[in-house]
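The next block holds one structure in the form of structure tokens; read it before the comments.
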Amino acid sequence: MLDLRLIREDPEAVARGLADRGGAELVKSVLDLDASRRRLVKESEELKALKNRASETIGQAKRRGEDPAAEMARMREVGERIKALEAELQRVDAELERVLLQIPNLPDPSVPPGTTEAQNVEVRRWGTPRAFGFIPRPHEELGEALGLLDFARAAKMAKSRFTVLWGAAARLERALTQFMLDLHTREHGYTEVWVPHLVNAATMQNNGLLPKFEEQIFKTLEADEGRALYMIPTAEVPVTALHTAEILSEPTLPRRYVAFTPCYRREAGTYGKDMKGMIRQHQFDKVELVKITTPAQSNDELESMVRNAEEVLRRLEIPYRVVLHCAGDMGFQAAKSYDVEVWLPGQGKFREISSCSNCEAFQARRAEIRYRAASGGKVDYCHTLNGSGLAVGRALIAVLENGQETDGSVTIPSVLRPYMDGLVRLTRPT
RNA sequence: GGAGAGGUGGCCGAGUCGGCCGAAGGCAGCCGCCUGCUAAGCGGUUACAGGGGCAAAACCUCUGUCCCGGGUUCGAAUCCCGGCCUCUCCGCCA
């Protein structure tokens, strides 16, 4: 959610910032609603002040043994008027919030303009794709041939976009997870947290996922609809929510958290897209990085977060590139975001394996995550950042495709072998 | 799931038959004084949000907030209803 005050004070700048991402047309209605809201607040507060003063004198009169009946009757009427004003105010507030929730975050000044993927900017590349000497196969072929990935059985018990991992593949999933968590906790200074995988509607809304992305999220069925829980589409949701409605002290910032959770996504509207293999699943594992910082720290912390995500692929010795999103290609909550794209020889292209975003105060404002400045004691909103460090399923794909050999076996990156009892190669079990 | 108890400021804790309670007292923090010794004493001070005034900061003022949401009342931390959470006992359970 954007700062209402900013919209009020400089609506043109806000509209300009939103030009590439949509929502600019909503600025006008925010302004109108805000104006009527303030009118209503003013009037009802004046009446309340009047009423409070009168109640005071009524109390005093009663204690003196007088009968302030006339005054009481008058205040009864004032009370009715206040009630009416508040009903109207509630309506306007709800509408204002509804509109505000539709507006995406403002891009950081360093974000390139543009409306589509084509205007994203590649910032750097690392590693050289292997020369295979044969045509590298996509992971789903490799995995099925090795008896490690089982799409048919997953579809039988659930539906498409689910996968069963057998034996060494299941182990590899766990090894990757463990490796990433160890790297981030031991070397990058993150604190590991374990969090709920189902959260309430308020938490989803504070994050920015509701109401905009309701159709992308799995939801539990409750007799009382208002108490439904949502399966997290990413650990970003519960981890960022950790400090909801808290005031953190500046010296404890930045907070750096890492969490491992499964992620659940409906993938509505992606029919036909990435249907093969386990690129796009309803359920996948992810190691997520979250930071809570002061406004001054956040952009530096974004840079180091991307580096932390990249480091995973460097240690796995898998090529990748880093892309800076243009304004129009960013997620709803992001002010600036980088994708790390891993090289997938089976597809012959780079595919997103991590997305690191600085949401600035967009989420913090909704969730009321604040900090008290070390000097001066001022309270202000924190900035929140999140990034995958990394998507485990896609990392597994990358390991399979990049490590494949002529005979269809797969060489395991050396950094993972300690987590696999020293296993060097995945081969077809005999 | 059943029965009971409870949710007050950074923490502890008091709030009578609803008014003078944004809330006693203690602790902690901050500022100052005093003191010359690893401490104590004295005085003051310390919540958050929103609106208005101000070019703005300081500041002034109003409103709201004693778990949350409704209600009763001229007036509610105090009464009523609903919800959430915590604790104890029982049941069930990985």
Side-chain angles (χ1 to χ4, degrees), chain A residues 1-10 13 30-97 99-100 194-206 220 222-230 238 241-253 262 361 363-382:
Chain A
M1 191 167 65
L2 294 182
D3 185 0
L4 181 55
R5 200 167 292 182
L6 177 67
I7 299 178
R8 183 153 70 213
E9 279 162 14
D10 200 349
V30 168
L31 251 25
D32 292 344
L33 288 163
D34 180 49
S36 41
R37 192 186 85 90
R38 286 198 290 167
R39 211 190 55 238
L40 289 165
V41 165
K42 187 164 189 228
E43 192 181 346
S44 83
E45 286 192 348
E46 280 166 1
L47 289 176
K48 279 181 188 171
L50 170 71
K51 189 187 71 174
N52 287 345
R53 270 190 308 260
S55 294
E56 186 76 32
T57 51
I58 288 171
Q60 290 166 355
K62 283 203 163 184
R63 255 171 279 137
R64 281 194 306 266
E66 301 166 9
D67 179 17
E71 190 66 357
M72 281 166 65
R74 227 184 91 220
M75 285 308 115
R76 216 183 329 262
E77 276 170 41
V78 171
E80 293 304 314
R81 175 73 186 136
I82 291 173
K83 203 171 270 185
L85 284 171
E86 299 228 298
E88 177 66 5
L89 179 61
Q90 212 163 44
R91 205 188 55 71
V92 171
D93 265 338
E95 180 63 11
L96 180 58
E97 168 157 302
V99 175
L100 240 23
W194 187 86
V195 291
H197 299 172
L198 289 103
V199 299
N200 58 36
T203 300
M204 281 292 180
Q205 182 164 297
N206 290 343
T220 66
E222 302 293 329
D224 177 358
E225 158 82 17
R227 258 181 261 173
L229 294 174
Y230 296 81
L242 243 21
H243 297 297
T244 296
E246 291 183 21
I247 298 176
L248 307 169
S249 70
E250 186 175 356
T252 70
L253 301 176
Q363 295 172 326
R365 194 144 40 226
R366 282 220 56 88
E368 293 213 85
I369 304 167
R370 294 173 291 179
Y371 73 99
R372 192 180 299 281
S375 60
K378 278 273 197 193
V379 173
D380 194 11
Y381 290 110
C382 293

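Treat the numbers as computed from the prediction; the structure is a model and nothing was measured.
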Pairing partner (Watson-Crick or G-U wobble, both distances under 3.5 angstrom) of [N]:
N: C59(B); result: G53(B)
N: G9(B); result: none
N: A24(B); result: none
N: U16(B); result: none
N: G36(B); result: none
N: C89(B); result: G2(B)
N: A47(B); result: U65(B)

Nearest-Å distance for atom pair [atom1]/[atom2], residues [X] and [N]:
X: E9(A); N: A55(B); atom1: CD; atom2: C1'; value: 12 Å
X: Y371(A); N: G10(B); atom1: OH; atom2: C1'; value: 20 Å
X: I247(A); N: G9(B); atom1: CD1; atom2: P; value: 13 Å
X: K42(A); N: G52(B); atom1: NZ; atom2: C1'; value: 7 Å
X: E46(A); N: G64(B); atom1: CD; atom2: C1'; value: 16 Å
X: N200(A); N: C68(B); atom1: CG; atom2: C1'; value: 13 Å
X: L47(A); N: G52(B); atom1: CG; atom2: C1'; value: 15 Å
X: R37(A); N: G52(B); atom1: CZ; atom2: C1'; value: 13 Å

### Message
For D32(A), is there any backbone N or O sitting under 3.5 Å from a side-chain donor or acceptor partner on S36(A)?
### Response
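Confirmed, S36(A) side chain pairs with D32(A) backbone.
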Point-to-point distance, once rounded to the nearest 0.5 Å, from [atom1] of [X] to [atom2] of [Y]:
X: I82(A); Y: E45(A); atom1: CD1; atom2: CD; value: 10.5 Å
X: T220(A); Y: L229(A); atom1: OG1; atom2: CG; value: 4.5 Å
X: L253(A); Y: L248(A); atom1: CG; atom2: CG; value: 5.5 Å

#### Entry: Heavy atoms from other residues, nucleotides or ligands near CD of E66(A) exceed 12 (cutoff 6.0 Å)
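Enclosed.
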OP1 or OP2 of [N] sitting under 4.0 Å from any side-chain N/O of [X]?
X: R370(A); N: A49(B); result: yes
X: R5(A); N: G51(B); result: yes
X: R372(A); N: G10(B); result: no

### Message
Check this for me, if you would: do R370(A) and D380(A) make a salt bridge, where the nitrogen-to-carboxylate-oxygen distance has to be below 4.0 angstrom?
### Response
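Between D380(A) and R370(A) there is no salt bridge, as every charged N stays at least 4.0 Å from the carboxylate O atoms.
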### Query
Quick one: do R74(A) and E71(A) make a salt bridge, cutoff under 4.0 Å?
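Yes, this pair counts.
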### Query
Per the atom types in the model, does the base of G50(B) pair as donor or acceptor with the side chain of E45(A) at under 3.5 Å?
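For E45(A), whose side chain was compared with the base of G50(B), there is a donor-acceptor pair (under 3.5 Å).
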### Query
What is the nucleic acid contact for R8(A), judged by heavy atoms within less than 4.0 Å: base, sugar-phosphate only, or nothing?
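Contact class for R8(A): sugar-phosphate only.
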### Query
So what does R227(A) touch, heavy atoms closer than 4.0 Å: a base, only the sugar-phosphate, or nothing?
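If one applies the 4.0 Å heavy-atom cut-off, R227(A) turns out to touch the sugar-phosphate alone, with no base involved.
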Could you work out the separation of [N] and [M] based on their [atom1] atoms and round it to a whole Å?
N: G71(B); M: A57(B); atom1: C1'; answer: 43 Å
N: A94(B); M: G6(B); atom1: P; answer: 34 Å
N: G22(B); M: C62(B); atom1: C1'; answer: 15 Å
N: U86(B); M: C81(B); atom1: P; answer: 23 Å

### Query
How would nucleotides 70-75 of chain B be written as a contact map, 5' to 3', with B for base contact, S for sugar-phosphate-only contact and - for no contact, using protein heavy atoms under 4.0 Å?
S-S-BS
Side-chain donor-acceptor distances from residues 47-62 of chain A under 3.5 Å, at least two apart:
unit_1 : atom_1 : unit_2 : atom_2 : d
K48(A) : NZ     : E86(A) : OE2    : 2.8
S55(A) : OG     : K51(A) : O      : 3.1
T57(A) : OG1    : A54(A) : O      : 2.7

